[in-house]
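A short worksheet on the structure shown next.
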Amino acid sequence: MGFSLLMYVLLAVTGGSLFWHRQAQQPRPRWWRSLHIAFGSILVGLVLLLLAVGIIGTLGHFGSLGHSPHLFAGLTVVALVLISAASATQIHPRHPWVRHLHIGTNIALLGALAWVLLTGWVVVQKYLP
Ligand code: HEM
Ligand code: HEM
């Protein structure tokens, strides 16, 4: 999870730089975009991994899902990350709303990550004496 937060920060920095270069109409180094996409792919992989671990671990331990809002928070994070990545592939100067969707889902993602951390922390407390 710490690693996915790090990825989020790196994505915000590299994405912010892409944004700045476009606003200033400066040519941007091509590897900067590749770096952003690489970080993005890692984030997608990590979030899917955490989802799998969460579901398999909970099923193995309890035999059922849905013990807390953490399930809903986790699914929200996964959905937002997938929408963000899907919209990113469609970013094009001719459809500016796709870029707004990408940026909007990523701002929402910040809140969802905080939510999954908090609810995850709450379920961790259940296992502590
Ligand atoms: C989920 C994984 C992600 C993928 C696969 C991804 C991919 C992309 C791609 C392909 C672009 C378009 C670059 C271009 O203009 O050619 C882009 C732009 C951008 N992304 Fe991401 N991204 C991801 C996550 C994020 C996150 C988490 C943030 C912010 C916290 C972010 C912020 C931005 C910003 C600000 C832009 C600039 C758009 C512009 O040109 O104004 N991205 N991203
Ligand atoms: C993107 C991040 C995450 C995703 C997608 C995710 C997803 C899930 C899912 C779907 C479950 C099954 C929950 C249920 O059915 O009740 C689960 C369980 C669990 N998760 Fe996460 N999780 C994430 C992050 C975290 C974090 C940051 C923590 C700790 C702070 C955490 C701790 C736990 C624990 C302890 C369980 C067992 C739940 C229980 O006993 O009810 N998770 N996770």
Side-chain angles (χ1 to χ4, degrees):
M1 187 66 201
F3 203 53
S4 21
L5 290 177
L6 176 66
M7 281 307 129
Y8 184 87
V9 171
L10 291 174
L11 278 163
V13 172
T14 50
S17 155
L18 289 177
F19 184 77
W20 183 84
H21 280 279
R22 190 172 49 77
Q23 292 287 332
Q25 308 207 332
Q26 296 272 337
R28 52 195 193 197
R30 200 184 305 145
W31 57 268
W32 200 243
R33 180 175 183 265
S34 314
L35 200 63
H36 184 73
I37 295 177
F39 289 146
S41 316
I42 297 178
L43 182 68
V44 172
L46 280 174
V47 162
L48 290 178
L49 185 73
L50 282 165
L51 176 72
V53 169
I55 289 182
I56 294 169
T58 305
L59 276 181
H61 197 78
F62 295 105
S64 66
L65 292 176
H67 303 274
S68 75
H70 184 66
L71 174 64
F72 194 55
L75 292 177
T76 306
V77 168
V78 172
L80 285 175
V81 167
L82 292 182
I83 294 174
S84 170
S87 67
T89 65
Q90 301 299 320
I91 289 179
H92 190 279
R94 273 215 309 263
H95 324 287
W97 64 271
V98 179
R99 181 166 37 231
H100 297 149
L101 179 65
H102 183 64
I103 297 175
T105 44
N106 289 324
I107 292 171
L109 184 59
L110 185 63
L113 284 172
W115 188 27
V116 87
L117 255 175
L118 261 160
T119 53
W121 181 246
V122 169
V123 282
V124 165
Q125 300 299 305
K126 285 200 303 198
Y127 300 113
L128 300 177

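Quick note: residue numbers are just sequence positions, from 1. Source: prediction; values computed, not measured. Every number for a ligand or one of its atoms is a count from 1 in the order of the listing.
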Ranking Q23, H36, H100, Q90 by closest non-hydrogen atom to atom 32 (C) of ligand 1, top hit is H36

Taking only residues two or more places apart in sequence or in another chain, which ones pass ring pair (Phe, Tyr, Trp, His ring centres under 6.0 Å) with F72?
W115

In terms of residue, atom name and distance, what is the protein heavy atom nearest to atom 40 (O) of ligand 2?
Y127 OH, 2.3 Å

Atom 16 (O) of ligand 1 sits nearest the protein heavy atom R33 NE, 2.6 Å

Look at atom 1 (C) of ligand 1 and say which protein heavy atom is nearest, naming residue and atom and giving the distance to 0.1 Å.
S84 OG, 3.6 Å

For ligand 1, which is the ligand I care about here, please tell me if H102 has any N or O atom under 3.5 Å from one of the ligand's N or O atoms.
yes

Please confirm whether the backbone N or O of W97 pairs with a side-chain atom of H95, one donor and one acceptor, at under 3.5 Å?
no

Under 4.0 Å from a heavy atom of V77: which atoms of ligand 2 are those, numbered in the order shown and with their elements?
1 (C)

For N106 and L11: C-alpha separation, side-chain torsions, deciding distance, then whether side chain to side chain contact (heavy atoms under 4.5 Å, CB included) applies.
CA-CA 10 Å; N106 289 324; L11 278 163; over 6 Å; no

Identity and distance of the protein heavy atom lying nearest atom 14 (C) of ligand 2:
G66 N, 3.3 Å

Ranked by distance from atom 37 (C) of ligand 1, the top protein heavy atom is G15 O, 3.6 Å

Steps toward side chain to side chain contact (heavy atoms under 4.5 Å, CB included) verdict (L51, V47):
CA-CA 6 Å; L51 176 72; V47 162; 5.6 Å; no

What is the nearest protein non-hydrogen atom to atom 41 (O) of ligand 2, stated with its residue, atom name and distance?
H67 CB, 3.4 Å

Please walk me through it: do L109 and T105 pass side chain to side chain contact (heavy atoms under 4.5 Å, CB included)?
CA-CA 6 Å; L109 184 59; T105 44; over 6 Å; no

F62 vs H67 aromatic rings, parallel, tilted or perpendicular, using cut-offs 30° and 60°?
tilted

To which protein heavy atom is atom 31 (C) of ligand 1 closest, and what is the distance rounded to 0.1 Å?
N106 ND2, 3.2 Å

Taking atom 21 (Fe) of ligand 2 as the centre, count the protein N/O/S atoms lying under 2.8 Å from it.
1

If you have a sec, work out which protein heavy atom is nearest atom 9 (C) of ligand 1 and how many Å separate them, to one decimal?
A88 CB, 3.7 Å

When distances are taken from atom 3 (C) of ligand 1, the protein heavy atom at minimum range is G40 CA, 3.7 Å

Option from V81, L118, L80, V77 for which side-chain contact (heavy atoms from CB on, under 4.5 Å) with L113 holds:
V77

Among protein heavy atoms, which lies nearest atom 39 (C) of ligand 1, and at what distance?
R99 CD, 3.1 Å

Numbered atoms of ligand 2 (with element) below 4.0 Å of K126, judged on heavy atoms:
41 (O)

Rounded at 0.5 Å granularity, tell me how far CZ in F3 sits from CG in L10.
8.5 Å

Just do the side chain to side chain contact (heavy atoms under 4.5 Å, CB included) check on V122 and H70 with the steps written out, would you?
CA-CA 8 Å; V122 169; H70 184 66; over 6 Å; no

Is Y8 close to ligand 1, meaning an N/O of one under 3.5 Å from an N/O of the other?
no

Out of all atoms in ligand 2, which are within 4.0 Å of some heavy atom of I55? Include the element for each.
10 (C)

Distance, nearest 0.5 Å, that separates CE of M1 from CG of L50
6.5 Å

Please state which protein non-hydrogen atom is closest to atom 27 (C) of ligand 2 and give its distance, to 0.1 Å?
M1 CG, 3.3 Å

Considering the heavy atoms of W121, write down every atom of ligand 2 situated less than 4.0 Å from one of them.
30 (C)

Below 4.0 Å from ligand 1: does a non-hydrogen atom of R28 turn up there or not?
yes

Mark up the atoms of ligand 1 that fall under 4.0 Å of a heavy atom belonging to R22, in ascending order.
39 (C), 40 (O), 41 (O)

If you take the nearest heavy atom of each of I91, L113, L110, L82, which one is closest to atom 12 (C) of ligand 1?
I91

